[in-house]
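As structure tokens, the structure follows; a few thoughts come after it.
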Amino acid sequence: MIYGLIKKNTYQDSVNLMVLSSKLSNLEGINKVSIMMGTPANKEIFQNTGMYASEFEDASPNDICIAVDTENSDLVKLVSDELGNFIKEQSSKSSASKLSVSRTLEGALNSLPDANLALISLPGEYVYKEVDRLLDKDMNAFIFSDNVSIEDEKKLKQKAHDKGLLVMGPDCGTGIISNLPLAFANVIPKGNIGIVGASGTGIQEVTSIIGRNGGGISHAIGIGGRDLSEEVGAISAIDALNMLNKDENTDVIVFISKPPAPSVKSKVIEVIRTLDKKVVALFLGEKSEVKEDNISYAWTLEEAAYQALMVSKSFKRYGKNIEGLTEKLNVIKNNPRQRKIHGFFGGGTLAGEAAMLLKDFFNIKDDKHTEGFMLIFEDHLIIDFGDDMYTKGRPHPMIDPRTRIEAINKLDEQDEVAVVLFDNVLGYGSNDDMAGALVPAIKKVSKLKKSKGQEIIFIASICGTEEDFQVYSSQVEKLKDAGVIVLDTNAEATFTAIEILKYLNSKDECKVSKESNDTLLNSELKIINIGLESFANTILKHNGQVVQYNWAPIAGGDKKTQSLLDKLNSL
């Protein structure tokens with residue numbers, strides 16, 4: 001039998017009520033409990049699920065409706081008491097929280113002037129009106145709510161686009177903006193990978209893989225699952241891509257989408273082709289064999305994450321992530337002859353890997369090389385000083401630094417060299433202090449170049465650990481003190497050298513920071529949370545600025561009264 005109860009003028013968030021309904025449905029003697037606000041949409045759900053009670057007829061959207069399916073009428077009071085305890089508990093939590101709370105939007109904005117983002121988890125039927133007025137106040141919107149019509153979604157997104165704002169959602173489950181988690185999000189280190197996703201759990205999976213494997217996120221922008229539909233036309237997807245393209249903290253962009261409308265997919269890809277940054281694109285369910293200059297297509301979420309990790313370590317690290325390199329690059333660029341990479345290696349396999357990556361970049365098919373050289377191509381050189389021709393009558397270069405010191409000293413006469421790659425292999429049998437041995441020659445050549453108005457860039461990778469007797473961190477410190485760029489791996493060092501070469505051969509100018517428009521991504525985030533309070537508490541926990549707006553339907557949800565008030569406000 002269905003019993004119906006109403007708690008008048010007691011607005012509660014719908015998500016909290018769903019969680020409570022599920023909990024109470026497990027009580028012994030109860031078949032099912034359904035607790036929702038008395039909105040027209042919710043009344044229809046009660047009817048469609050066979051949980052409607054005549055008492056709900058007069059309920060307003062500001063009233064809680066409780067339906068209890070049980071054969072024991074005594075249990076109805078128990079459910080009512082549990083609901084009362086739940087409401088008191090919610091109130092107690094709010095009182096104990098350090099969260100600033102307001103009962104009106106104006107009050108919330110007074111508490112947090114210049115708020116620029118609203119996080120919204122209201123019943124869907126109220127979302128359009130609330131977001132529309134938030135856009136009028138120049139606020140971006142993250143809409144967790146579902147059950148918003150696709151027509152309203154398009155109108156809100158178009159309005160946001162016209163105002164230079166962004167609407168994420170509706171039905172947007174996940175976001176990370178400026179390291180602040182929004183709605184369903186994981187704690188991910190800050191980094192240089194930006195994500196645009198029409199898939200909440202897709203964003204979570206990719207960001208989690210990136211975070212677990214040493215990478216980090218600049219921003220992860222959820223756009224809602226319908227953004228790439230024919231009706232909406234990827235309005236927010238395109239705006240988010242352009243924002244990340246201008247964001248100085250983002251080097252690589254990952255785009256994640258469930259299968260989009262074909263015409264919309266083509267539209268998005270055309271936009272991606274115009275971006276300055278490398279993009280890893282994943283259209284779930286599609287396995288693309290196409291290769292494009294700035295787009296890598298992934299088939300799985302894992303593949304997208306690992307591709308982004310690889311690219312993020314090398315893509316345009318120069319000019320932003322490597323301190324002091326901007327000035328050197330600008331000096332080198334003014335000398336058109338200085339465009340060559342030389343590599344001085346002690347480890348043969350490391351020299352071979354660097355040569356392999358450069359051969360791929362130069363599209364060299366012939367793998368033959370002169371004895372002692374892993375690569376000779378248009379005055380680009382990768383030398384393996386561990387080759388037999390260099391070790392006759394002398395110790396291996398991992399022990400004896402002299403052959404590399406001689407090569408470094410000769411650089412003063414070689415004006416064509418822009419980048420010098422080298423390795424430093426630690427461990428038993430190796431030189432006690434290879435960094436200390438190479439540094440004097442590096443400093444000497446750098447000083448001589450400067451005296452002639454020139455620059456040269458040294459890039460190193462160190463193979464070893466903190467437990468090696470040479471001590472990894474000590475070797476890093478000595479090389480960095482000499483102006484050497486020390487990167488985590490030999491591949492990363494080589495990729496960075498390649499990116500430097502690409503820049504030197506381009507018409508681009510290297511700037512300390514890129515010009516960018518004032519968007520949500522480069523502004524201090526100030527959030528008004530409208531709805532589920534736990535979202536605000538998460539932001540607060542991560543030291544974000546947030547005010548909780550305890551929204552309730554105007555005029556108790558009475559449509560006629562609301563309409564009258566709207567007309568009066570428009571006068």
Heavy-atom donor-acceptor pair, [X] side chain to [Y] backbone, under 3.5 Å:
X      : Y      : answer
Asp227 : Ser236 : yes
Ser121 : Leu532 : yes
Glu230 : Val264 : no
Asn42  : Met37  : yes
Thr174 : Gly200 : yes
Thr201 : Gln204 : no
Ser257 : Ala198 : no
Asn245 : Leu241 : no
Asn16  : Gln12  : no
Ser25  : Lys32  : no

Open item on the list: If you compare all heavy atoms of Gly211 against all heavy atoms of Ile188, which two are closest, and at what distance to 0.1 Å?
Closed with: CA-CG2, 4.2 Å
Task: Closest approach of Ala183 to Leu119 (non-hydrogen atoms, all atoms of both residues) - done: N-CD2, 4.5 Å
- [ ] Take Glu130 and Arg133 through the salt bridge (Lys or Arg N to Asp or Glu O under 4.0 Å) test and state the conclusion after the steps.
- [x] CA-CA 5 Å; Glu130 293 299 325; Arg133 70 169 177 151; 3.0 Å; yes
- [ ] Begin with the C-alpha distance, continue with both residues' side-chain angles, and end with the deciding distance and a verdict on side chain to side chain contact (heavy atoms under 4.5 Å, CB included) for Thr39 and Tyr126.
- [x] CA-CA 10 Å; Thr39 66; Tyr126 299 103; 4.0 Å; yes
Could you give the distance from [atom1] ([X]) to [atom2] ([Y]), rounded to the nearest 0.5 Å?
X      : Y      : atom1 : atom2 : result
Ile223 : Asp171 : CD1   : CG    : 12.0 Å
His219 : Thr519 : NE2   : OG1   : 7.5 Å
Ile193 : Asp251 : CD1   : CG    : 9.0 Å
Thr250 : Leu244 : OG1   : CG    : 5.0 Å
Ser506 : Glu499 : OG    : CD    : 10.5 Å
Asn192 : Ser312 : CG    : OG    : 4.5 Å

Are more than 12 heavy atoms from other residues, nucleotides or ligands located less than 6.0 Å from atom [atom1] of [X]?
X      : atom1 : answer
Arg273 : CZ    : yes
Glu106 : CD    : yes
Lys23  : NZ    : no
Lys190 : NZ    : yes
Glu231 : CD    : yes
Lys8   : NZ    : yes

- [ ] Can you label the angle between the Phe46 ring and the Phe56 ring as parallel, tilted or perpendicular, going by 30° and 60°?
- [x] tilted
- [ ] Please state whether the rings of Phe283 and Phe255 are parallel, tilted or perpendicular, taking 30° and 60° as the class boundaries.
- [x] tilted
Does a salt bridge link [X] with [Y], judged by any charged N lying under 4.0 Å from a carboxylate O?
X      : Y      : answer
Glu270 : Lys267 : no
Lys163 : Asp138 : yes
Lys157 : Asp239 : no

Task: Between Asn529 and Glu533, a side-chain donor and acceptor under 3.5 Å - done: no
Open item on the list: Distance alone, cut at 3.5 Å: any donor-acceptor contact between the side chains of Ser100 and Gln548?
Closed with: no
Task: Cation-pi geometry met for Lys43 and Tyr52 (6.0 Å, 45°) - done: no
Open item on the list: Here's one to test your reading of the geometry: is the NZ or CZ of Lys155 within 45 degrees of the ring axis of Tyr128 and under 6.0 Å from its centre?
Closed with: yes
- [ ] Take Cys65 and Met36, measure what side chain to side chain contact (heavy atoms under 4.5 Å, CB included) needs, and give me the verdict at the end.
- [x] CA-CA 5 Å; Cys65 296; Met36 293 185 283; 5.6 Å; no
TODO: Pick out which of Ile539, Ile176, Thr538 makes a side chain to side chain contact (heavy atoms under 4.5 Å, CB included) with Leu182.
DONE: Ile539
Going by heavy atoms in the side chains, are [X] and [Y] under 4.5 Å from each other?
X      : Y      : answer
Leu75  : Leu27  : no
Thr10  : Asp63  : no
Asn179 : His542 : no
Met139 : Leu109 : yes
Lys265 : Glu286 : yes
Gln545 : Leu525 : no
Ile150 : Ser229 : yes
Met168 : Ile143 : no

TODO: Evaluate the criterion side chain to side chain contact (heavy atoms under 4.5 Å, CB included) for residue pair Ile64 and Ile66; output intermediate values, then yes/no.
DONE: CA-CA 6 Å; Ile64 300 178; Ile66 309 106; 4.1 Å; yes
Open item on the list: One pair to check against side chain to side chain contact (heavy atoms under 4.5 Å, CB included): Leu180 and Ile527. What are the steps and the verdict?
Closed with: CA-CA 10 Å; Leu180 284 179; Ile527 301 170; 4.3 Å; yes
Task: Residues Ser534, Asn537; criterion side-chain hydrogen bond (donor to acceptor under 3.5 Å, both in side chains); working and verdict - done: CA-CA 5 Å; Ser534 62; Asn537 287 324; over 6 Å; no
